[in-house]
Amino acid sequence: MPNWGGGAKCAACEKTVYHAEEIQCNGRSFHKTCFICMSCRKGLDSTTVAAHESEIYCKSCYGKKYGPKGYGYGQGAGALSSDPPGRDAGPQPHDSNPRPASSNSTANKFSQKFGGSDRCPRCSKAVYAAEKVMGAGKPWHKTCFRCALCGKSLESTTVTDKDGELYCKVCYAKNFGPKGFGLGNAAMLEEPQ
């Protein structure tokens with residue numbers, strides 16, 4: 001059957017993916033909201049995705065599922081776990097006081113479907129799926145995804161973060177990189193008196 005007027009089909013939900021919401025991975029298209037880890041369901045971006053055949057995972061889940069196994073690789077007794085404590089501790093006690101349903105359920109459903117519950121750290125406004133860029137573990141507007149110092153527009157290959165703020169690699173190196181003779185720090189070039 002021909003694909004009239006739409007885009008490619010999403011590899012996760014098999015619905016039409018239009019260009020503004022498309023993410024490509026291993027030659028397949030995804031909606032931004034469908035581009036999530038198949039194991040833990042965290043949102044992915046180009047820096048956190050790890051693909052295995054037709055499946056996509058975050059790097060952590062990929063390592064647990066397809067990484068090396070055996071003694072010394074986190075599988076035996078005494079291994080360190082990256083999961084929060086108590087996650088596999090068996091059945092959790094039931095809360096005897098159920099929380100009241102939100103009086104704003106229509107807005108919550110809208111936010112869940114269209115991503116309005118995410119807030120951009122730079123402007124504090126809602127970030128929707130069509131304009132969402134992930135960086136430093138937070139959602140940003142494409143227009144807010146800029147270096148905090150020089151204002152240069154950033155991409156996944158040029159972004160660095162420190163304390164939740166975004167920097168281009170040049171500004172990061174100047175302000176937080178190594179200091180000393182031969183490393184571009186002009187103050188160190190003056191001779192002591």
Side-chain angles (χ1 to χ4, degrees), residues 7-8 10-13 15-25 28-51 56-63 82-87 92 95 97-179:
C10 176
C13 71
K15 293 182 181 175
T16 302
V17 181
Y18 296 99
H19 184 69
E21 59 185 356
E22 181 180 30
I23 294 179
Q24 290 191 343
C25 179
R28 298 175 10 209
S29 297
F30 294 87
H31 293 104
K32 289 182 181 181
T33 54
C34 295
F35 198 59
I36 57 176
C37 175
M38 294 186 76
S39 184
C40 69
R41 315 292 290 164
K42 286 182 187 173
L44 301 173
D45 63 23
S46 62
T47 61
T48 59
V49 69
I56 56 173
Y57 298 95
C58 65
K59 290 185 177 180
S60 176
C61 291
Y62 180 88
S82 61
D83 294 331
R87 188 171 183 173
Q92 299 293 326
D95 190 2
N97 297 333
R99 292 183 182 155
S102 172
S103 60
N104 200 358
S105 64
T106 306
N108 286 340
K109 287 179 184 176
F110 182 84
S111 293
Q112 288 172 353
K113 185 169 185 177
F114 296 105
S117 62
D118 290 333
R119 296 273 173 197
C120 175
R122 178 91 14 101
C123 68
S124 300
K125 294 182 181 175
V127 181
Y128 297 96
E131 59 188 355
K132 184 178 189 178
V133 178
M134 292 299 291
K138 300 174 188 168
W140 302 76
H141 293 109
K142 288 178 185 176
T143 54
C144 295
F145 199 65
R146 299 180 167 277
C147 175
L149 297 174
C150 70
K152 179 180 175 184
S153 184
L154 300 170
E155 297 175 6
S156 63
T157 57
T158 60
V159 68
T160 54
D161 67 279
K162 180 168 177 69
D163 300 329
E165 191 55 78
L166 303 178
Y167 301 95
C168 67
K169 291 190 176 195
V170 173
C171 289
Y172 184 89
K174 282 181 186 174
N175 291 283
F176 308 111
K179 308 277 190 276

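Start at 1 with the first residue, then count along the sequence. Everything numeric here is computed off the predicted structure, so don't read it as measured data.
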What pair of heavy atoms forms the shortest contact from W140 to E165, and how long is it?
-> CH2-OE2, 4.0 Å
Which class fits the ring pair Y62 and Y57: parallel under 30°, tilted 30 to 60°, perpendicular over 60°?
-> tilted
On a heavy-atom basis, the closest approach of A136 and L166 is CB-CD2, 4.0 Å
Any sub-3.5 Å donor-acceptor pair from H141's side-chain atoms to Y128's backbone N or O?
-> no
Exercise: identify the closest heavy-atom pair between P139 and D118 = CG-CB, 3.6 Å
When rounded to the nearest 0.5 angstrom, what is the spacing between NZ in K42 and OG in S60?
-> 6.0 Å
Mind checking the SG-NZ spacing from C144 to K138? Nearest 0.5 Å is all I need.
-> 13.0 Å
Spatial distance of atom CD (E21) from atom OG1 (T16) [nearest 0.5 Å] | 9.0 Å
Gap between atom NZ of K174 and atom CG of L149 - 0.5 Å precision = 9.5 Å
Crowded around Q24 CD? As in, over 12 foreign heavy atoms under 6.0 Å?
-> yes
C25 and V49: which non-hydrogen atoms are nearest, and at how many Å?
-> SG-CG2, 4.2 Å
Atom NZ of K142: over 12 foreign heavy atoms under 6.0 Å | yes
Distance-minimising heavy-atom pair for V127 and R119 = CG2-C, 3.9 Å
Is there a donor-acceptor contact under 3.5 Å from the side chain of D161 to the main chain of G164?
-> no
Would you say R122's side chain and R146's backbone share a donor-acceptor pair under 3.5 angstrom?
-> yes
Atom pair SG (C10) and CD (E22), whose distance is rounded to the nearest 0.5 Å = 9.5 Å
About how many Å separate NZ of K152 and OG1 of T158, when rounded to the nearest 0.5 Å?
-> 6.0 Å
Without swapping roles, check the side chain of T160 against the backbone of Y167 for a donor-acceptor pair under 3.5 Å.
-> yes
Shortest non-hydrogen pair, L44 vs T48, comes out as CA-OG1, 3.5 Å
